[in-house]
**Q** 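Following this message is one structure expressed as structure tokens.
Every chain is numbered from 1, with letters handed out A, B, ... down the list of sequences.
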Number of protein chains: 4
Amino acid sequence: MTTDDFSELERRADPQAPGAPRRNKRGLATQQKLLDAAEAVFAELGYHDASIVKITERAGIGMGTFYLYFDSKRTIFEALVIDLNRRVRHSMAEAMLGAANRLEAERAGFAGFFRFTAEHPALYRVVREAELVSPEVLRLHYSRIVEGYVEGLRKAQAVGEVSDIDAEVAAWALMGIGEMVGARYILWERDGDGQRPGEIDPTVFADVMRFIETALAPRPAGHEAPGQEAAQ
Amino acid sequence: MTTDDFSELERRADPQAPGAPRRNKRGLATQQKLLDAAEAVFAELGYHDASIVKITERAGIGMGTFYLYFDSKRTIFEALVIDLNRRVRHSMAEAMLGAANRLEAERAGFAGFFRFTAEHPALYRVVREAELVSPEVLRLHYSRIVEGYVEGLRKAQAVGEVSDIDAEVAAWALMGIGEMVGARYILWERDGDGQRPGEIDPTVFADVMRFIETALAPRPAGHEAPGQEAAQ
Amino acid sequence: MTTDDFSELERRADPQAPGAPRRNKRGLATQQKLLDAAEAVFAELGYHDASIVKITERAGIGMGTFYLYFDSKRTIFEALVIDLNRRVRHSMAEAMLGAANRLEAERAGFAGFFRFTAEHPALYRVVREAELVSPEVLRLHYSRIVEGYVEGLRKAQAVGEVSDIDAEVAAWALMGIGEMVGARYILWERDGDGQRPGEIDPTVFADVMRFIETALAPRPAGHEAPGQEAAQ
Amino acid sequence: MTTDDFSELERRADPQAPGAPRRNKRGLATQQKLLDAAEAVFAELGYHDASIVKITERAGIGMGTFYLYFDSKRTIFEALVIDLNRRVRHSMAEAMLGAANRLEAERAGFAGFFRFTAEHPALYRVVREAELVSPEVLRLHYSRIVEGYVEGLRKAQAVGEVSDIDAEVAAWALMGIGEMVGARYILWERDGDGQRPGEIDPTVFADVMRFIETALAPRPAGHEAPGQEAAQ
DNA sequence: AATGAATGAGTATTCATTCAT
DNA sequence: GATGAATGAATACTCATTCAT
């Protein structure tokens, strides 16, 4: 399973974890300002070129104050990844509410993911660099999303809406598609002019979904998926 | 198309480009030693923690010598990405030689990609960080591989071995699957003990190929791919 | 005129310029320690062999602190030239206070200049090298002093104490004499034994002043300066 | 006196000194190419930014060849100063040939000096930096020229063409005037547009000569130089 | 709680000089 | 004699982190 042990990581990054200093309203606001600033600065400059001063300046607070809220540059980076991860999953889950079936849910989930990608380019950039800065938090990020996919796929398989493919492998494949397509067709699309990336092209979205849905579609009776016999 | 203009980038990184100093046998050996050392050091430490001294020490040459062969740290990084890209594509192409049909070719190509991933973990790590260090070379890397996929898909479509899905979008999806699955099931698998990652688990490989082949399979007559009508 | 535009240069080098960080008492002391150390180190080693570490060590502060006060090695060099220039002009002006006439003022001014040269050998050495490091600040230095001479000469001409020679050309000539004589008879005199250079030899001083005063003396009626007719 | 001991210095810098490797015609040509290149490069970049490679490239010879002709960067610098010094003195001496009297000779000498300054900006720049690079060669340069002045002044004094001022002090004053005026009115004049500096403005030249000639003029009988009595 | 002055470890890059060819 | 590849010492500058206020 992908549960691994991320608890220590999450505790360190969670400002409200037991043991963490209790903040009042103002303190919480400062913390949020720091996370927001970090999102912007890390996205723009990357982990190494981002500096604590730049983050605190952007947050409009004093440099020393930073260390009242985060232990280190790496800590706020991890907290940011975890925060973005929470939000992207929320965005996907929300989009999927009320989907009538797996097919609709799939579409809605990907749409939610792409929308978040467009609105928060930091997610992609920060996750990219996470491999080097904090491999653990990177794995946490992907694992959390994959867990959601797996759960959805398993439920759909139970009611025959998805083929009997290994749910976990399929989930990682979906994760890969989502990230690569998001990068290629949303983030890089307008990169040249420095504009904020916009929505994904609807035709591309349709093609991607067709690819995915075909891959997952339950095999019509009497039709074997290609390569089935050889592989297993 | 994905042709973009990478020529300037390639010229700068190509030690044999016209205009670059002509090397004799020994010079070429030194250059290769540097690239090999860079592969190891960048993979182990990442771009920022890698230092020129560490690279030259590993290459067994003097520090100043580095600058006789590469203009800067960034230049050797780009050269390394381009070199790895060339080799991974070679590895894939070689594996595909003699494939009887698209299906076999697909399998062989992915197998080649996964084998290279296992043998050269640097590829993944270096490409990850490239997003921040040199976005251009990152795009070059992905684009080059995608071009290969697109060409293969188009040929297969022409003979009815692959559905009429948009070849380019499908190619980016394949790229995403390959990278994510390679990371998850090859590189992270043995990460804890620092061992050199091994082969991909055959079962996982079979599942991945099934996923891909189903997605690309030509639709049996009379069967519409799901979601087709709505999307287009 | 020699007014040129040195304002930008002076603003950059002026630690109290508007826009520069406001320093408290301690900060100002640190800044002064840096300038003093720079004076000593630049004078001893020259611009290129002086290093930031040597300067900060001499100032008794941490290396990084340097960059809180000056943007770069070149900046502190320029600030030092401007500071020394201010002080040498102050030294000259002070000496000239209470001079009864141009003749006395001239003597006093040169005496002030020579005294400063003896007490601050850095002035000469730093100015010498400035030609290569920052030509602008070199011109500023000379121009500022020359401006003072010009003003004095013009006033003296108005009351008939100085001949009608072009004040500006005469001023540059005086500048040249002062610098060369100061170097030759003060700085080089004891150079061998590394001792701090002392006062100028009174006889030499008398000869120099006689040279200058003769050159500037108003022509007695009926006597043409030699070469007058031919040249103009 | 100003004889000091420059013999060792001259021997080291003199490529034809006994003990130096005997050169054939080709070797001498290479040596001259190096000196010419050094003049250009040092003048343009200053001692520190000039590099051996730049000099040898400009001379059109291989880098290693440099060390067959000069022991070090400093050595060629000193040789260059000595060479320029020889040439500027030659230029002055030549100009003075056939001067009818001290006055004419003085004019001619300064004209020769200014002409050389305009044609060889390297002289000024190289001499400026020499203070830091090789104080000995700097003193040699000035001393040699001053010796010439002293000799001339003494001869003129003997025939009553120059006042009884101390010849040596006067000579250093003249040296200072020549250098400062040359810098100000020749080299800096066109500095902005990077053009090769031209001739000195004839009016300025006339003013300078009037200043000098007045300073040196024999006192008309019955007229004491101002400040004479007080000073001595 | 908030601040920001002070610190010094860490690193890319240059270049005079050597020496094998 | 001529060459130029190889070397490594030397240095300006950045920035995460501490701590006195």
**Q** Nearest-Å distance, OH (B:Y69) to C1' (E:dT13)?
**A**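 To the nearest whole Å, that distance equals 18 Å.
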**Q** Using OP1 and OP2 only, check whether a side-chain N or O of D:R74 sits under 4.0 Å from E:dA16.
**A**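 No, no such contact exists.
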**Q** Where each residue is assigned the nucleotide of DNA chain F containing its nearest heavy atom, which of C:D49 and B:F66 is assigned the position nearer the 5′ end?
**A** B:F66
**Q** I want to verify a distance call: between F:dA16, E:dT11, F:dA12, whose nearest atom is closest to the B:K54 side chain?
**A** E:dT11
**Q** On a heavy-atom basis, which atom in B:A59 and which in B:K33 lie closest, and how many Å separate them?
**A** O-CD, 3.6 Å
**Q** Rounded to the Å, how far apart are D:I52 CD1 and E:dT14 P?
**A** 17 Å
**Q** Of the options B:K54, B:R125, B:R58, which is the one that meets B:E44 in a salt bridge (charged side-chain N to carboxylate O under 4.0 Å, His left out)?
**A** B:R58
**Q** With DNA chain E as reference, determine whether B:D71 or C:G62 sits nearer its 5' end, using the nearest nucleotide of each.
**A**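 Looking at the nearest nucleotide for each, C:G62 comes out on the 5' side.
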**Q** Over how many whole Å does the gap from A:H48 atom NE2 to E:dA12 atom C1' extend?
**A** 15 Å
**Q** Taking for each residue the nucleotide of DNA chain E with the nearest heavy atom, is it A:G27 or C:G64 whose nucleotide lies nearer the 5' end?
**A** A:G27
**Q** Calculate the interatomic distance between A:F77 atom CZ and F:dA16 atom C1'; express it in whole Å.
**A**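 For the pair A:F77 CZ and F:dA16 C1', the rounded distance is 16 Å.
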**Q** Let's see if you can work this out: which of F:dT11, E:dA2, F:dG1 has an atom nearest to the side-chain heavy atoms of D:L68?
**A** F:dG1
**Q** From the list E:dT13, E:dA16, E:dA1, which nucleotide is the closest neighbour of the side chain of B:S72?
**A** E:dT13
**Q** With respect to the phosphate group of E:dA5, does any side-chain polar atom (N or O) of C:Y67 fall under 4.0 Å of OP1 or OP2?
**A** no
**Q** Just how far, in rounded Å, is P of E:dG8 from CD1 of C:I61?
**A** 11 Å
**Q** If we call it a pair only when both distances are under 3.5 Å in a Watson-Crick or G-U wobble match, what pairs with E:dA1?
**A**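 Partner of E:dA1: none found under 3.5 Å.
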**Q** Separation of D:M63 atom CE from F:dG4 atom C1', in whole Å?
**A** 6 Å
**Q** In whole Å, I'd like the distance from the CG atom of B:L34 to the P atom of F:dA5.
**A**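 Distance check: B:L34 CG to F:dA5 P gives 15 Å.
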**Q** Given E:dT7, is OP1 or OP2 found less than 4.0 Å from the side-chain N or O atoms of C:T65?
**A** yes
**Q** Check whether any side-chain heavy atom of D:Y47 lies under 4.5 Å from a side-chain heavy atom of C:H48, and answer yes or no.
**A**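 When only atoms from C-beta onward are counted, C:H48 and D:Y47 do not touch, as no gap falls below 4.5 Å.
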**Q** Determine which nucleotide pairs with E:dA20, using a 3.5 Å limit on both distances of a Watson-Crick or G-U wobble pair.
**A**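 Here E:dA20 is engaged in a pair, and the nucleotide opposite it is F:dT3.
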**Q** Would you sort out whether D:L132 and C:F42 count as a side-chain contact (heavy atoms from CB on, under 4.5 Å), showing the intermediate values?
**A** CA-CA 10 Å; D:L132 278 293; C:F42 280 135; over 6 Å; no
**Q** Looking at C:T30, I'd like to know whether one of its side-chain N or O atoms comes within less than 4.0 Å of OP1 or OP2 on E:dA6.
**A**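 It does, given that an N or O in the side chain of C:T30 lies less than 4.0 Å from OP1 or OP2 of E:dA6.
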**Q** Can you measure C:L45 atom CG to F:dA10 atom P for me and round it to whole angstrom units?
**A** 14 Å
**Q** Does the distance from a Lys or Arg side-chain N to an Asp or Glu carboxylate O, for C:R139 and C:E78, drop under 4.0 Å?
**A**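 Result for this pair is no, no salt bridge flagged.
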